[in-house]
S.K.: 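There's a structure below that I have some questions on.
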Number of protein chains: 4
Amino acid sequence: MRNKKPKYNQIIEAAVAVIAENGYHASQVSKIAKKAGVADGTIYLYFKNKEDILISVFEEKMGQFIEKIVRGTSQLDSADDKLFTLIEMHFRQLSEDHHLAIVTQLELRQSNTKIRLKINQVLRPYLIVIDDIIKEGAREKVFRDNLNIQLVRQMIFGTLDEVVTNWVMKEQKYDLVQQAWEVHAFITHGLSANK
Amino acid sequence: MRNKKPKYNQIIEAAVAVIAENGYHASQVSKIAKKAGVADGTIYLYFKNKEDILISVFEEKMGQFIEKIVRGTSQLDSADDKLFTLIEMHFRQLSEDHHLAIVTQLELRQSNTKIRLKINQVLRPYLIVIDDIIKEGAREKVFRDNLNIQLVRQMIFGTLDEVVTNWVMKEQKYDLVQQAWEVHAFITHGLSANK
Amino acid sequence: MRNKKPKYNQIIEAAVAVIAENGYHASQVSKIAKKAGVADGTIYLYFKNKEDILISVFEEKMGQFIEKIVRGTSQLDSADDKLFTLIEMHFRQLSEDHHLAIVTQLELRQSNTKIRLKINQVLRPYLIVIDDIIKEGAREKVFRDNLNIQLVRQMIFGTLDEVVTNWVMKEQKYDLVQQAWEVHAFITHGLSANK
Amino acid sequence: MRNKKPKYNQIIEAAVAVIAENGYHASQVSKIAKKAGVADGTIYLYFKNKEDILISVFEEKMGQFIEKIVRGTSQLDSADDKLFTLIEMHFRQLSEDHHLAIVTQLELRQSNTKIRLKINQVLRPYLIVIDDIIKEGAREKVFRDNLNIQLVRQMIFGTLDEVVTNWVMKEQKYDLVQQAWEVHAFITHGLSANK
DNA sequence: AATGAATGAGTATTCATTCAT
DNA sequence: TATGAATGAATACTCATTCAT
């Protein structure tokens, strides 16, 4: 497998660090190579081009991010618990890795439209998890059953994403995880069956 | 009045069109000049540099966008009506100007940090409108009164923004304005006083 | 006559000031126009192009410079007196007009080869004065009579010019006119008939 | 050794040729690169920017020029011999490299103030050689002992420089080296102890 | 004569990618 | 595998000059 090779991971980690420290537009391939301790040309033995590095960064990092949330929520029994855990883990994971938070919330968004479409693909499994929770909540009658699932998923993701982005832009000065309660309340109220 | 400077507006309109059609990174000054029907050098009689064009595009367009919403909501009496109108106008205005929607939701986000900070400044009045509606709702007892206003505002803005972005990315194939009802329901439920 | 027009002289004077204050390369036509109190386009009613302004500056200013020296030396009877007067007046005139000294010694030399060839034409009458002094000195037997006049003239001019340039580059901190004695001694010894 | 970096020298030589043939202002980096047989970008592996190329041209070429004169004069015993050799070598070296003569006498003088200050630094060792010869001549009693050394050095350098510049401007149509005798006579007479 | 808004040609530099070793 | 020297495409901005008024 591709990621069995240690240099592959070195380059991914170097890319995250370089982007977080220098910003997207100042992150040259040569800088990433230097940080990774390899020659510029070596990068191209592991990645097709610069775009491929960026997409791979997102794939690897968000892959783990999502997988943890999938595992964390799958053991739970109620939609409500699952939703809270999803929010809490979303916030916690980014809280615990500031570099990753900067890269995903701010820097990678400066990439061109092509990369961002690819990023959306990587996010799909996460969106499916959200969809499943919504459906489960509807089955459990804690959420309304006439919800437009796609729209609701967008609203939930948009809510979480903006809250995290604000936290990053305010330089992570306050406790993000602590906000999970209120965000959870907002969403569950928003979707609740009884007015 | 602005139409005393017809070239200024020509350039702004040309910039929106060029960015929407070519993408942020492929929007050369010369392309904007050509579209505006002026010489390259003329751009620099009206704008300090390329950055200034982009910031001005946002200022002019979002300025009008926000002003209309401010006016539209100010005549209403309840927080609930105001919130619905805000959502509906937010969606309608971007629905009616696809170029602008592409530029604000996708392209301008690729800009560098300096431009994005400026963009945040321009958005501030909009965020204040949202804050005021939240406060008014709390006074009216239709919203909970222990809300963290900053957080709620982020959640509302994130919700709207993500819904619009999805609509743009799906190439505006469906009716965005129609979704205002459900988004409004989600948010008002989310903030409602009674569980 | 061309220079009967007051604006012509305004522009010439403005050009000298602008070049002396900003340096050759930062002396845009628009800056000169502003300093002269006329519109950019007006410049072109009096001068063919920017090159013509610069050449005219040199013509006008060096024309006066040379004419004074011609008059000053013509009343004298010996080559030796004439030579001293030429040196003294050369130094004095530039000493008394620092702007002109900066422009002729430093800034105008940054102009392109075409302008500098033209400048050499303007200097020709001055070189003829030098030639005549050399010939007169030879007739008077105070200078050697087998001198290569062209070469001697170059050496004399080079000597004066470099002394003035050094004085300008050292920011006119010492008295240039005072050096006329030693320069005169150097040249007259250098040309003297008896070893 | 410098020939370990063949590209560095290729670029220097190309720069001299391009400047001599096209003039200072028409010497684009791309032209130099083409002449040197390298890509435009390669220039920037060896030089910081265009200014750095020009300064390096002068440093390299004038460095050799001066070093040869230092070596040539150091083996001689009298100030008179040294002065003659300095003049002869000055003229001979520029005679033998017309491109270099054009570049140093005409083109590089069009450069901006920053480059010209750097050029003055490079020339300093040459001026010190002249100073030393003047002092030695004074000790030997062949030159006057009350000379203002700085002024004399300026006069000598100005003399040589103007003679060379005239030769270059007259398109090198006559023999420059042959003039060394008369220039030497002018200077030694000019400085001689006995009237 | 005078204006000044408009013009548009011209160029240094960066950096992702290649390929000979 | 790994290297890193070399490549070369791509672009914002200035300013001398024009010309409609």
Side-chain angles (χ1 to χ4, degrees), chain A residues 5-8 10-11 25-34 36-54, chain B residues 5-8 10-11 25-34 36-54, chain C residues 5-8 10-11 25-34 36-54, chain D residues 5-8 10-11 25-34 36-54:
Chain A
K5 314 209 177 172
K7 293 216 168 136
Y8 176 87
Q10 275 170 47
I11 294 166
H25 287 111
S27 295
Q28 296 90 339
V29 172
S30 59
K31 241 181 218 165
I32 296 173
K34 196 171 186 182
V38 301
D40 292 15
T42 304
I43 298 266
Y44 291 86
L45 299 175
Y46 296 90
F47 300 90
K48 215 173 86 224
N49 50 34
K50 187 179 181 180
E51 198 171 294
D52 189 27
I53 306 174
L54 302 174
Chain B
K5 288 185 165 188
K7 295 241 160 89
Y8 177 90
Q10 275 171 49
I11 294 166
H25 287 111
S27 295
Q28 298 91 335
V29 171
S30 60
K31 244 181 217 165
I32 296 173
K34 196 170 186 181
V38 300
D40 292 17
T42 304
I43 299 267
Y44 293 88
L45 298 176
Y46 295 91
F47 300 91
K48 218 174 80 223
N49 50 33
K50 186 178 179 180
E51 195 171 294
D52 189 28
I53 306 174
L54 302 173
Chain C
K5 315 211 177 171
K7 292 218 168 134
Y8 175 87
Q10 275 171 45
I11 294 166
H25 287 111
S27 294
Q28 296 89 340
V29 171
S30 59
K31 240 181 219 164
I32 295 172
K34 195 170 185 183
V38 301
D40 292 16
T42 304
I43 297 267
Y44 291 87
L45 299 175
Y46 295 91
F47 300 90
K48 216 174 83 222
N49 50 32
K50 187 178 180 180
E51 198 171 293
D52 188 28
I53 306 173
L54 302 174
Chain D
K5 289 185 165 185
K7 296 241 160 88
Y8 176 90
Q10 275 171 46
I11 294 166
H25 287 111
S27 295
Q28 298 91 335
V29 172
S30 60
K31 241 180 219 166
I32 296 173
K34 196 169 186 182
V38 300
D40 292 18
T42 305
I43 298 267
Y44 293 87
L45 299 176
Y46 295 91
F47 300 91
K48 219 172 80 225
N49 49 34
K50 186 177 180 181
E51 195 171 295
D52 189 28
I53 306 174
L54 302 173

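Lettering of chains follows the sequences in order, A, B, ..., and the numbering in each one begins at 1. For the numbers below, each heavy atom of this structure counts, side chains included, while hydrogens, waters and symmetry mates do not. No experiment lies behind these values; they were computed from the predicted model shown.
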S.K.: Using a 4.0 Å heavy-atom cut-off to protein, can you give one letter per nucleotide of nucleotides 16-21 of chain E, 5' to 3': B if the base is in contact, S if only the sugar-phosphate is, - if neither?
M.R.: SBB---

S.K.: Taking atom C1' of dT7(E) as reference, at what distance in whole Å does atom NZ of Lys34(B) sit?
M.R.: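 That distance rounds to 16 Å.
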
S.K.: Would you mind telling me which residue lines up with the more 5' stretch of DNA chain E, Ala26(A) or Ile43(C), judged by nearest nucleotide?
M.R.: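 Its nearest nucleotide lies further toward 5', so the answer is Ile43(C).
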
S.K.: What is the distance from CZ of Phe47(A) to C1' of dA2(F), rounded to the nearest Å?
M.R.: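 In whole Å, dA2(F) C1' lies 15 Å from Phe47(A) CZ.
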
S.K.: I want to confirm an ordering. Mapping Val38(C) and Ala39(B) to their closest nucleotides on DNA chain E, which one lands closer to the 5' end?
M.R.: Val38(C)

S.K.: Return the set of residues passing side-chain contact (heavy atoms from CB on, under 4.5 Å) with Tyr44(D) (not counting sequence neighbours), or none when no residue passes.
M.R.: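 Counting only residues at least two positions away or on another chain, Tyr44(D) forms a side-chain contact (heavy atoms from CB on, under 4.5 Å) with Val29(D).
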
S.K.: In whole angstrom, give the distance that lies between atom OH of Tyr8(B) and atom C1' of dA5(E).
M.R.: 18 Å

S.K.: Roughly how far, to the nearest 0.5 Å, is the NZ atom of Lys48(B) from the CD1 atom of Ile53(B)?
M.R.: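 Ile53(B) atom CD1 to Lys48(B) atom NZ measures 12.0 Å (nearest 0.5 Å).
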
S.K.: For Glu51(B), what residues pass the side-chain contact (heavy atoms from CB on, under 4.5 Å) criterion, not counting sequence neighbours?
M.R.: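 Once residues adjacent in sequence are excluded, the partners of Glu51(B) under the side-chain contact (heavy atoms from CB on, under 4.5 Å) criterion are Asn49(B), Ile55(B), Asn112(B), Lys114(B), Ile115(B).
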
S.K.: Whole Å only: how far is the CD atom of Gln10(A) from the C1' atom of dA2(F)?
M.R.: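 Rounding to the nearest Å, CD of Gln10(A) and C1' of dA2(F) are 13 Å apart.
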
S.K.: For Lys7(B) and dA6(E), is the shortest distance between a side-chain N/O and OP1 or OP2 below 4.0 Å?
M.R.: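 Checking Lys7(B) against dA6(E): at least one side-chain N or O falls below 4.0 Å of OP1 or OP2.
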
S.K.: Which value, rounded to the nearest 0.5 Å, describes the distance between Ser30(C) atom OG and Ile43(C) atom CD1?
M.R.: 9.0 Å

S.K.: To the nearest Å, how far apart are Ile11(D) CD1 and dA5(F) C1'?
M.R.: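 So the two atoms are 12 Å apart, to the nearest Å.
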
S.K.: Apply side-chain contact (heavy atoms from CB on, under 4.5 Å) to Lys31(D) and list each qualifying residue two or more places apart in sequence or on a separate chain.
M.R.: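 In terms of side-chain contact (heavy atoms from CB on, under 4.5 Å), with neighbours along the sequence ignored, Lys31(D) is linked to Val18(D), Asn22(D), Ala26(D), Gln28(D).
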
S.K.: To the nearest angstrom, how far is Asp52(B) atom CG from dA12(F) atom P?
M.R.: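 Checked: the CG to P distance equals 15 Å.
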
S.K.: Which of these nucleotides, dT3(F), dA1(E), dT7(F), is closest to any side-chain atom of Thr42(A)?
M.R.: dT3(F)

S.K.: Test of understanding: with ring-ring contact (aromatic ring centres under 6.0 Å, His included), list the residues that count as partners of Phe47(B), not counting sequence neighbours.
M.R.: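 For Phe47(B), the residues satisfying ring-ring contact (aromatic ring centres under 6.0 Å, His included) (neighbours in sequence not counted) are Tyr8(B).
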
S.K.: Looking at Lys5(C), I'd like to know whether one of its side-chain N or O atoms comes within less than 4.0 Å of OP1 or OP2 on dA1(E).
M.R.: yes

S.K.: Let me confirm one number: the CD-NZ distance from Gln10(C) to Lys5(C), rounded to the nearest 0.5 Å.
M.R.: 13.5 Å

S.K.: Report the distance from atom CG of Asp40(D) to atom CD1 of Ile32(D), rounding to the nearest 0.5 Å.
M.R.: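 Rounded to the nearest 0.5 Å, the CG-CD1 separation comes to 10.0 Å.
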
S.K.: What stems show up for DNA chain E when you take Watson-Crick pairs (N1-N3 plus N6-O4 or O6-N4) and G-U wobbles (N1-O2, O6-N3), both under 3.5 Å, and require three or more consecutive pairs?
M.R.: E:2-21 with F:2-21

S.K.: Between the side chain of Lys7(A) and the main-chain N/O of Ala36(A), is any donor-acceptor distance below 3.5 Å?
M.R.: no

S.K.: Rounded to whole angstrom units, what separation is found between the OH atom of Tyr46(D) and the C1' atom of dT7(F)?
M.R.: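 These atoms are roughly 12 Å apart.
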
